[in-house]
Amino acid sequence: MSVFTPVPESVLADWLKDYAIGRLVELEGISAGVQNSNFFVTTTLGRYVLTLFEGIPRAELPYYLHLMAHLSRHGLPVPGPIANRHNEYLGTLQERPAALVVRLSGRSEMSPGLAHCGRVGAMLAGLHLAGQSYGRRQENPRGAAWRAATAQVLRPFLSADEQTLLDAEIAFQATVDVAALPAGAIHADLFRDNVLWDTDADGGVRIGGVIDFYFAGYDALLFDVAVTVNDWCSTPDGGLDAERAAALLDAYHAERPFTDAERAAWPAMLRAAALRFWMSRAADFHLPRAGEMVLVKDPNEYRDILRLRIATAPPLPR
Ligand SMILES: Nc1ncnc2c1ncn2[C@@H]1O[C@H](COP(=O)(O)OP(=O)(O)OP(=O)(O)O)[C@@H](O)[C@H]1O
Ligand SMILES: N[C@@H](CCO)C(=O)O
């Protein structure tokens with residue numbers, strides 16, 4: 001369920017007078033996503049996605065919207081936000097911060113093959129390269145500071161074994177020299193459901209869109225690679241599929257070669273990325289946000305991935 005705040009057609013039709021995208025033809029709530037209220041909007045001039053932001057502080061939103069505009073301007077398949085007649089990306093609708101972005105084509109692929117993983121790796125490197133010239137900076141909202149604060153809140157809900165795992169991993173991550181790693185704007189949530197796939201003219205797979213930049217922030221680029229590998233290249237039991245991981249990492253490396261510091265930090269980053277999603281899912285599970293129908297993803301999946309990454313990690317390509 002992703003429509004927390006309904007928008008009557010007449011209200012939207014009126015709101016759209018502030019934009020230069022024609023008149024409303026169709027409005028349809030989107031039944032995926034867990035964070036915001038999303039709608040497909042068709043006007044006489046095009047197809048868009050309307051998002052009403054339900055939880056993110058308004059002051060943090062320009063970072064995300066301008067990042068999407070920046071990446072789109074650099075030729076990446078990222079939905080460009082639509083400016084209103086006051087030249088602003090961010091408006092207000094139904095008392096919520098609201099934005100329109102271009103609707104991109106394609107569907108997510110939940111069983112990716114080697115070709116998908118290769119394209120995602122190359123595209124992620126493209127995001128990181130283009131992000132280097134992005135002028136705004138906002139810390140990763142699920143970075144080290146969030147991790148420390150959330151661990152305190154979460155700890156009492158965990159079993160003794162889980163507490164030991166959490167404490168040990170937080171202590172281990174504090175020893176990692178993240179400052180030695182190349183950093184910049186990262187997507188930080190590039191899961192399979194945030195990439196839309198299209199078909200090429202010759203029948204090959206093509207990325208139609210990368211969506212959901214609302215966890216983006218400034219952090220180690222390698223953390224983003226680790227988040228992506230953990231989701232795209234895991235086997236059902238949480239282990240890493242060596243071929244898919246190699247396809248993703250080789251394609252990334254061809255666009256932005258990994259540094260020696262990154263090679264050394266890779267096992268730790270896979271663990272940091274697993275820890276982040278174990279913690280956020282466990283927090284959503286034990287402390288659900290009041291009044292919302294939240295799709296809670298399984299925290300144990302990422303707890304188990306963390307345990308497996310502590311046991312073993314594949315090397316980065318040279
Ligand atoms: N620009 C876009 N073009 C096409 N479809 C989109 C676009 N943005 C969102 N969608 C569709 O809307 C759905 C929900 O969007 P999104 O994943 O951003 O939800 P959310 O609630 O904001 O975030 P989260 O995934 O963190 O819950 C997507 O699965 C996709 O089907
Ligand atoms: N990708 C996140 C959900 C928030 O976008 C998860 O799988 O926990």
Side-chain angles (χ1 to χ4, degrees), residues 1-5 21 26-42 46-56 60-61 64-65 67-69 71-72 76-82 89 96-110 120 140-142 146 150 154 186-198 207-217 223-224 226-232 234 238 273-289 292-306:
M1 160 70 181
S2 67
V3 177
F4 305 110
T5 306
I21 57 170
E26 199 182 350
L27 168 66
E28 187 194 337
I30 302 178
S31 62
V34 295
Q35 214 190 175
N36 302 302
S37 297
N38 293 298
F39 305 82
F40 290 131
V41 172
T42 307
R47 304 197 318 152
Y48 308 89
V49 172
L50 168 70
T51 299
L52 269 57
F53 298 98
E54 300 288 351
I56 308 172
E60 292 175 15
L61 292 169
Y64 305 121
L65 295 168
L67 176 60
M68 290 159 79
L71 295 171
S72 169
L76 290 154
V78 172
I82 308 296
Y89 292 141
R96 304 279 188 285
L100 280 166
V101 303
V102 170
R103 179 173 175 182
L104 298 172
S105 55
R107 297 171 154 269
S108 13
E109 171 58 70
M110 300 310 281
V120 164
N140 172 3
R142 296 288 180 273
W146 170 87
T150 306
L154 200 53
I186 65 168
H187 182 286
D189 190 24
L190 194 62
F191 277 53
R192 287 161 292 170
D193 55 358
N194 284 332
V195 176
L196 308 175
W197 294 93
D198 232 351
I207 297 181
V210 177
I211 59 172
D212 203 1
F213 280 78
Y214 306 121
F215 286 111
F223 178 78
D224 217 7
V227 168
T228 309
V229 165
N230 276 340
D231 182 67
W232 287 81
S234 286
L275 176 65
R276 177 258 184 260
F277 288 98
W278 174 36
M279 291 183 66
S280 63
R281 289 181 177 193
D284 287 346
F285 181 81
H286 294 295
L287 305 152
R289 288 181 288 166
E292 291 179 7
M293 289 177 65
V294 175
L295 170 74
V296 177
K297 297 191 175 179
D298 179 14
N300 296 345
E301 179 189 355
Y302 267 86
R303 178 201 61 202
D304 296 345
I305 290 180
L306 172 58

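Throughout, residue positions are numbered sequentially from 1 according to the sequence presented. Hydrogens, waters and symmetry mates are skipped; everything else that's a heavy atom, side chains included, is used. Note that the structure is a prediction, hence the values are computed from the model and not measured. One-based numbering, in listed order, for ligands and for the atoms of each.
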Report task. With rounding to the nearest 0.5 Å, note down the distance linking CG in Asp212 to CG in Leu190. Result -> 10.0 Å

Query - Met279 and Leu154, any side-chain heavy atoms less than 4.5 Å apart - result: yes

**Report entry** Chi angles and distances behind the side-chain contact (heavy atoms from CB on, under 4.5 Å) call for Asp231, Tyr302
**Finding:** CA-CA 10 Å; Asp231 182 67; Tyr302 267 86; 3.9 Å; yes

Query raised in the report: Any nitrogen or oxygen of Leu196, main chain or side chain, under 3.5 Å from a nitrogen or oxygen of ligand 1?
Result: no

Report task. Just jot down the ligand 1 atoms closer than 4.0 angstrom to any heavy atom of Val49, in number order. Result -> 1 (N), 2 (C), 3 (N), 6 (C), 7 (C), 8 (N)

Requested in this report: May I ask you to list the atoms of ligand 1 that are less than 4.0 angstrom from any heavy atom of Ile211?
Outcome: 1 (N), 2 (C), 7 (C), 8 (N), 9 (C), 10 (N), 28 (C), 30 (C)

Query raised in the report: Can you find an N/O atom of Asp212 closer than 3.5 Å to an N/O atom of ligand 1?
Result: yes

Query raised in the report: Can you list the steps and then say if Trp197 with Ile207 is a side-chain contact (heavy atoms from CB on, under 4.5 Å)?
Result: CA-CA 5 Å; Trp197 294 93; Ile207 297 181; 3.4 Å; yes

Requested in this report: Take atom CZ of Phe191 as the centre, draw a 6.0 Å sphere, and report whether it contains more than 12 heavy atoms from other residues, nucleotides or ligands.
Outcome: yes

**Report entry** ligand 2 atoms in contact with Lys297 (distance to a heavy atom under 4.0 Å)
**Finding:** 3 (C), 6 (C), 7 (O), 8 (O)

Query - Ligand-residue contact atoms, ligand 1 with Asn194, heavy atoms, under 4.0 Å - result: 17 (O)

Query raised in the report: Which atoms of ligand 1 sit under 4.0 Å from any heavy atom of Val102?
Result: 1 (N), 2 (C)

Report summary line: ligand 1 to Phe40, heavy atom cutoff 4.0 Å, flagged ligand atoms 5 (N)

Requested in this report: Consider every N or O of Leu104 and every N or O of ligand 1, then say whether any pair is closer than 3.5 Å.
Outcome: yes

Report summary line: Shortest non-hydrogen pair, Glu109 vs Trp232, comes out as O-CZ3, 4.5 Å

Report task. Just let me know how Phe215 lines up against ligand 2, side chain, backbone, both or neither, with a heavy-atom cut-off below 4.0 Å. Result -> side chain

Query raised in the report: When rounded to the nearest 0.5 angstrom, what is the spacing between OH in Tyr48 and CG in Leu104?
Result: 12.0 Å

Query - Arg281, CZ atom: more than 12 neighbouring heavy atoms under 6.0 Å - result: yes

Query raised in the report: Which atoms of ligand 1 have any heavy atom of Val101 under 4.0 Å away?
Result: 1 (N)

Query raised in the report: Based purely on interatomic distance, does Tyr214 place a nitrogen or oxygen under 3.5 Å from a nitrogen or oxygen of ligand 1?
Result: no

Query raised in the report: Does ligand 1 have a heavy atom under 4.0 Å from the side chain of Asn36, from its backbone, from both, or from neither?
Result: both

Query raised in the report: Relative to Phe40, does Arg103 satisfy both conditions: NZ or CZ under 6.0 angstrom from the six-membered ring centre, and within 45 degrees of the ring's axis?
Result: yes

Query raised in the report: Is there a donor-acceptor pair under 3.5 Å between the side chain of Ser37 and the backbone N or O of Phe4?
Result: yes

Query raised in the report: Of all the atoms in ligand 1, which lie at a distance below 4.0 Å from a heavy atom belonging to Arg103?
Result: 3 (N), 4 (C)

Query raised in the report: At the 4.0 Å heavy-atom cut-off, does Thr51 count as touching ligand 1?
Result: no

Report task. Please determine if Ser280 has a nitrogen or oxygen closer than 3.5 Å to a nitrogen or oxygen of ligand 2. Result -> no

Query raised in the report: Has the side chain of Arg192 got a donor or acceptor atom that lies under 3.5 Å from a matching backbone atom of Met110?
Result: yes

Query raised in the report: Quick one: does Asp189 get an N or O within less than 3.5 Å of an N or O on ligand 2?
Result: yes

Report task. Would you mind reporting whether Leu306 and Phe277 have side-chain heavy atoms less than 4.5 Å apart? Result -> no

Query raised in the report: Near Asn38, which atoms of ligand 1 are under 4.0 Å from a heavy atom of that residue?
Result: 14 (C), 15 (O), 19 (O), 20 (P), 21 (O), 22 (O)

Query raised in the report: Out of curiosity, is Tyr48 lining ligand 1, as in a heavy atom under 4.0 Å away?
Result: no

